[in-house]
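Input: a single structure, listed below in structure tokens.
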Amino acid sequence: MMVNLAALLQDARKNKYAVGSFNVYNFETVRGVVEAGNELGYPTIVAFGENYLMNMDLNEISALVRATSKRVNIPVALHLDHCKSFDTIVRAIKAGFTSVMYDGSALPFEENMRRTAEIVAIAHAADVAVEAELGAIGGGEFSNEESGEEIYTNPAQAAEFVETAKLDALAVSIGTVHGMYKGTPKVDIGILKKIAAAVSTPLVLHGGSGTPVDIVQECIRNGIAKINVNTEISLHTVNQLKATLGENRSYHLSQLSLSEIDSVKEVVKKYAVMFRPSC
Ligand SMILES: [Zn+2]
């Protein structure tokens, strides 16, 4: 069943677990994410980014997720990942997404806050949740997302931002990166603690791929209620397909499609038990 993201995340923050937000690019990844969540009884966020509009349009992904979520027993949210375009956000809301992320993190603070508040007013009128970002998340290896200089989130600004814009979820920059880490992650739990003390809204960690389990769980104990995973879904699945194709056998494309679903499920389940150990 499809749900609004806000209620899912409030429960997660209150009960100190995180809901995984897994990026999808096609039907196989949608099935992998939703079926893995269903097998674990774990609520799931299907995330779709603007980068993948060449693969599917907003109405197509919405119809697929809606159909897939009807045959499972877990809450499923359909989330528009990092979006700078007002027009795309409105189209996603019309297409049936249940949450959107407006990414104004590259803008000056006041302008990011003002534009975010405008989006929130539109989205809330349609019962759609909004995530926004303050600070800027750095980039690692194999990332498919744009990245610039890393800027840690300012805790005092975070409180003003969330309150003024009436946000449902705040993405914070505390040292995780989009993509895989080049060295040891330097995640600043001290900053996270200050943000969590100032902001009761659920917090979001981007760059879940490759983040060590002890760091992830320390973040969850300190207010992180949604964790995004993108790069590892693609990396793991492509590596599995390479290994399969390297075997000296011929495959029908339909078989490869099923093995793709299984690979996605492996990644989702690995992270699900990390994000909510009671899974
Ligand atoms: Zn991100």
Side-chain angles (χ1 to χ4, degrees), residues 5 8-9 12 18-25 29 33 44-53 55 61 77-85 88-89 92 97-107 112 115-116 119 129-153 158 161-162 165 167-182 185-188 191-192 195 201-211 215-216 219-220 223-236 264 267-268 271 274-275:
L5 186 68
L8 269 190
L9 296 189
V19 185
S21 181
F22 301 99
N23 271 84
V24 299
Y25 331 101
T29 44
V33 169
T44 300
I45 303 163
V46 176
F48 187 73
E50 264 187 311
N51 284 356
Y52 312 115
L53 281 170
N55 297 76
I61 174 77
L78 173 59
H79 177 70
L80 180 68
D81 202 9
H82 289 276
C83 187
K84 294 181 164 67
S85 157
T88 306
I89 287 177
F97 279 59
T98 63
S99 78
V100 294
M101 177 187 185
Y102 171 63
D103 183 355
S105 60
L107 300 171
N112 184 8
R115 290 197 190 189
T116 302
I119 303 260
V130 179
E131 172 185 340
E133 177 176 327
L134 190 60
I137 293 151
E141 282 185 306
F142 307 113
S143 173
N144 197 19
E145 293 168 85
E146 70 171 273
S147 59
E149 191 200 348
E150 180 176 34
I151 302 164
Y152 282 48
T153 303
F161 189 73
V162 165
L167 266 192
D168 300 294
L170 177 70
V172 294
S173 173
I174 55 169
T176 55
V177 298
H178 283 134
M180 305 304 281
Y181 294 93
K182 288 174 185 148
K186 294 185 188 67
V187 176
D188 191 332
I191 288 195
L192 177 60
I195 299 167
T201 297
L203 304 175
V204 182
L205 192 69
H206 285 238
S209 297
T211 307
I215 294 178
V216 164
C219 288
I220 293 170
I224 294 291
K226 170 176 178 277
I227 303 180
N228 292 14
V229 178
N230 183 358
T231 311
E232 198 169 330
I233 292 176
S234 167
L235 262 187
H236 179 71
V264 173
V267 177
V268 172
Y271 281 102
M274 203 187 282
F275 298 164

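Just follow the structure's listing: the first ligand is 1, and inside any ligand the first atom is 1.
- At a cut-off of 3.5 Å, with distance as the only test, a side-chain donor of Asn112 or Thr116 sits close to an acceptor on the other residue.
- Protein N/O/S atoms closer than 2.8 Å to the Zn ion (ligand 1), listed by chain and residue number, are His82 NE2, His178 NE2, His206 ND1.
- Taken to the nearest 0.5 Å, the NE2 atom of His206 stands 11.0 Å off from the CG atom of Asn230.
- Looking only at atom types and distance, the side chain of Tyr271 has no donor-acceptor partner in the side chain of Ser209 under 3.5 Å away.
- Here the straight-line distance linking atom OG of Ser85 with atom CG of Asp103 works out to 12.0 Å at 0.5 Å rounding.
- Under the 30°/60° scheme for interplanar angles, the aromatic rings of His82 and His178 are found to stand perpendicular.
- Here the straight-line distance linking atom CG of Leu9 with atom CG of Asp168 works out to 8.5 Å at 0.5 Å rounding.
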